[in-house]
Trainee: 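This structure is in structure tokens; I'll ask about it shortly.
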2 protein chains.
Amino acid sequence: MNKKKKTTIKDIANVLNISAAAVSKALHDDSRISDKTKKAVKQVAENLNYQPNHLASALRSGKSKLVGVIVPRTNSSFFSSVIQNIEHVLNEKGYSIIITQSNESYQKECNSIDTLLFTQVDGIIASMANETVDLQYYEKIKSKGIPLILFDRGENNLNVDYIGIDDYNSSHIIVEHLVAQGCKRIAHIGGYKRTRIYNNRIRGYIDALKKYHLPLDDELLIETNLSTENGRAKMQQLLNLKNRPDAVYVAGDYAALGALQVLNENNIKIPEEIALVGFGNEPFTDMVTPSITSVNQHSAEIGRLAAETFLKHIKEKTVTQKLNKQILDAELIVRDSSKKKTL
Amino acid sequence: MNKKKKTTIKDIANVLNISAAAVSKALHDDSRISDKTKKAVKQVAENLNYQPNHLASALRSGKSKLVGVIVPRTNSSFFSSVIQNIEHVLNEKGYSIIITQSNESYQKECNSIDTLLFTQVDGIIASMANETVDLQYYEKIKSKGIPLILFDRGENNLNVDYIGIDDYNSSHIIVEHLVAQGCKRIAHIGGYKRTRIYNNRIRGYIDALKKYHLPLDDELLIETNLSTENGRAKMQQLLNLKNRPDAVYVAGDYAALGALQVLNENNIKIPEEIALVGFGNEPFTDMVTPSITSVNQHSAEIGRLAAETFLKHIKEKTVTQKLNKQILDAELIVRDSSKKKTL
DNA sequence: TATATTTGCTTAATCGTTTAAGCAAAGGTA
DNA sequence: TACCTTTGCTTAAACGATTAAGCAAATATA
């Protein structure tokens, strides 16, 4: 019904009999405009319910004030929290975010990048899909000269900012904890080695085993995509071994959940017979029986840092990007699934 | 490093010695441009890696090709799935979506609306925050003349499109199921009556009790915000009753989880002593022990319909909006928490 | 052959804002 | 009084695309 023409700076200018340029400057508190005019302009703007046309200013200034965020999925507490914090920090500086989900698909990720570039975002903050190995699309972002910030799932070769937790050390902490519980045959259901973070967790696992003089058994180190289904399958595989492990460290909570289900279905006592540790501290780790020990990834901090890193780029107009890692310490949340001894 | 100037249609025009207008038309397959020129233009566009400047076309055409989506939160499987399907449908038609989270806060919701309007979105698809009672900001959207589509949490008074499930009938199905299990004192931990969907669930609960000639006991009908914490508190409240219920229907899965925890902690047999039913079919309902019977809300369908409804508005250039409800049948997923009898 | 229509482009205006350049008036300095 | 600076604005050109209007050449119609 209200097919109201939107108010523009020209309308304001007409009311006050000044130029549109003066209005624009008044609204931006330019020093060359008198206080009297500024006050008048702002008053009229208010009266006419003036809303600046973002498209016009974006076109003219070359800045869209939009930031693209790419995540594998939003329905994980980790990514959701990261997003929330990115949004919070950026909103305060007048930026809006466009969220896209890759659903762990490389194809979808490429589409997302195209969409974001098409929308003229001023920067992209991303966590890569599991599938992603070809970095050509990310190079495309860099070649456009807009800031690219990676978090969680990153890649050294891209030479851009990266924010994440210390995956290598997290594995150490986990193995240390399990050893303290008296575990001697610790298995690892890990992610794919080609993904940096999972590779680090695997390396950390191997080195920690060495440190505690535990045997490194190939049967106990499994790569998978960390879905719940695969967690089930791989746990079953471990149970079929002649020499079963007495602890399983799973590199993702969803897969850990699958493992837990299989253990429960086989009436295996957790943690007495087999202790279980997950990764990610998803809310459900505290809901299931027994609750699953997991690693808190400091999602809020990661989101905040990613946003601030973007803002730093914008402020400094640094076009050259280089590998700049910000690594946070992760935190082990010990729960029933690995608490053999009352500490 | 690559501070490449972006290619514009002028660049293409210069290469071919034709006008920018001709290039624009060629790219849009205008019938008044020869096939030869079209082919040449597209070739050059490809060679120069031309990417249309979305801001410019949006400004000129008055269409940003962006759709705003407002949800209470993204880290629920329901909203995440709705979003995913909205995105899927809209992307195919050349639209991108901007997702914002209200975090159930009215203030944050208003900010989101302002941000989206500022970004010149072509439409808004929203599910309202629990807190929202003042509809003034939603009226603002309507007054801008852009399509507004509500889903899940809607409001009749706004007179806009609404897509959701049949909450009233869902309650009927739940009560019917519990009666079939032999339950005679069915409690309801519901949401706030002021929110339409929770009101419908409460009305459905009351009417279904009447239908099955069960007593309607005020003690057994509780309003709350459906958080896990409140689920715990209200379940405890029910346990403290002299005359305990033999079934509890909770209007949200997170609150149902809290109820489950309290029941487990008090060693109450589920479903033998007290049967439990949740709402929303969150993945964790299938993970906890016992698994929780819940209601599937057809998130994918809702997302698809919301997107298609938006597209219909755009196509028909219908500026006048009216209350147009699309109500889907919900589906009860029976799990251990209410399965007394083997059916 | 003369006129009408179609084809294939060009010109120029436009979307709403920002911003470099310019200019008159007021105030300050010598 | 003559000159310089500052103040407070205006003018006009962008940003990159779309599009109405126009026009010449080619083709069709009478």
Side-chain angles (χ1 to χ4, degrees), chain A residues 3-42 44-45 48-66 94 117-122 144-145, chain B residues 3-42 44-45 48-66 94 117-122 144-145:
Chain A
K3 232 196 144 36
K4 253 179 206 161
K5 272 265 122 295
K6 286 172 196 157
T7 347
T8 71
I9 52 170
K10 269 189 192 163
D11 298 326
I12 301 176
N14 286 340
V15 170
L16 294 170
N17 258 319
I18 57 176
S19 70
V23 173
S24 172
K25 286 177 183 166
L27 291 172
H28 288 90
D29 277 325
D30 189 295
S31 62
R32 300 287 289 273
I33 301 292
S34 71
D35 285 350
K36 206 182 93 189
T37 306
K38 280 179 192 170
K39 211 168 278 178
V41 165
K42 284 171 185 172
V44 174
L48 298 182
N49 189 27
Y50 168 73
Q51 303 276 137
N53 185 323
H54 165 250
L55 295 171
S57 58
L59 173 59
R60 178 61 232 256
S61 63
K63 298 289 150 201
S64 69
K65 289 283 186 173
L66 292 173
L117 292 178
F118 171 71
T119 316
Q120 312 283 125
V121 293
D122 290 345
K144 291 272 174 188
Chain B
K3 225 186 149 42
K4 256 181 206 160
K5 273 263 121 295
K6 285 172 198 158
T7 357
T8 72
I9 52 170
K10 268 188 192 164
D11 299 325
I12 301 176
N14 286 341
V15 170
L16 295 169
N17 258 317
I18 57 175
S19 71
V23 173
S24 173
K25 286 177 184 168
L27 291 172
H28 288 90
D29 278 327
D30 189 294
S31 62
R32 301 286 288 273
I33 300 292
S34 70
D35 285 350
K36 205 181 93 188
T37 307
K38 281 180 191 169
K39 211 167 278 178
V41 166
K42 285 171 184 171
V44 174
L48 298 183
N49 190 27
Y50 168 74
Q51 303 275 137
N53 185 323
H54 163 251
L55 295 172
S57 54
L59 173 61
R60 179 63 233 258
S61 63
K63 298 288 149 203
S64 68
K65 288 282 184 176
L66 292 174
L117 292 179
F118 172 72
T119 316
Q120 312 281 127
V121 293
D122 290 346
K144 291 271 172 189

Trainee: Applying side-chain contact (heavy atoms from CB on, under 4.5 Å), run through A:Asp11 and A:Val15 and close with a yes or a no.
Mentor: CA-CA 6 Å; A:Asp11 298 326; A:Val15 170; 5.8 Å; no
Trainee: Whole angstrom is fine here: how far is it from NZ in A:Lys10 over to P in C:dG16?
Mentor: 8 Å
Trainee: For B:Ile33 and C:dT6, what is the distance between atoms CD1 and P respectively, to the nearest whole Å?
Mentor: 17 Å
Trainee: Supply the atom-to-atom distance A:Ile9 CD1 to A:Lys25 NZ, rounded to the nearest 0.5 angstrom.
Mentor: 11.0 Å
Trainee: Strictly below 4.0 Å: does A:Ser34 bring a side-chain N or O up to OP1 or OP2 of D:dC9?
Mentor: yes
Trainee: If only atom types and distance count, is the side chain of A:Thr119 paired as donor or acceptor with the main-chain N or O of A:Val121 below 3.5 Å?
Mentor: no
Trainee: Could you give the CG-to-P distance, from A:Asp29 to D:dC9, as a whole number of Å?
Mentor: 13 Å
Trainee: Rounded to the Å, how far apart are B:Asp30 CG and C:dG8 P?
Mentor: 11 Å
Trainee: Rounding to a whole Å, what distance do you find between B:Ile18:CD1 and C:dT7:P?
Mentor: 19 Å
Trainee: Which nucleotides of nucleotides 18-27 of chain C have their base under 4.0 Å from a protein heavy atom (B), which only their sugar-phosphate (S), and which neither (-), written as one string 5' to 3'?
Mentor: BBBB------
Trainee: Calculate the interatomic distance between B:Lys6 atom NZ and D:dA14 atom P; express it in whole Å.
Mentor: 19 Å
Trainee: So which atom in A:Gly62 and which in A:Asp122 form the shortest heavy-atom distance, rounded to 0.1 Å?
Mentor: O-OD1, 4.3 Å
Trainee: Kindly determine whether A:Gln120 and B:Asn53 satisfy side-chain contact (heavy atoms from CB on, under 4.5 Å), including the steps that lead there.
Mentor: CA-CA 7 Å; A:Gln120 312 283 125; B:Asn53 185 323; 3.7 Å; yes
Trainee: Does the side-chain contact (heavy atoms from CB on, under 4.5 Å) test come out yes or no for B:Lys6 and B:Thr8, once each step is laid out?
Mentor: CA-CA 6 Å; B:Lys6 285 172 198 158; B:Thr8 72; 5.6 Å; no
Trainee: Grab the CG-P distance between B:Asn14 and D:dA17 for me, whole Å please.
Mentor: 12 Å
Trainee: Could you tell me how far apart A:His54 (NE2) and C:dG16 (P) are, to the nearest whole angstrom?
Mentor: 15 Å
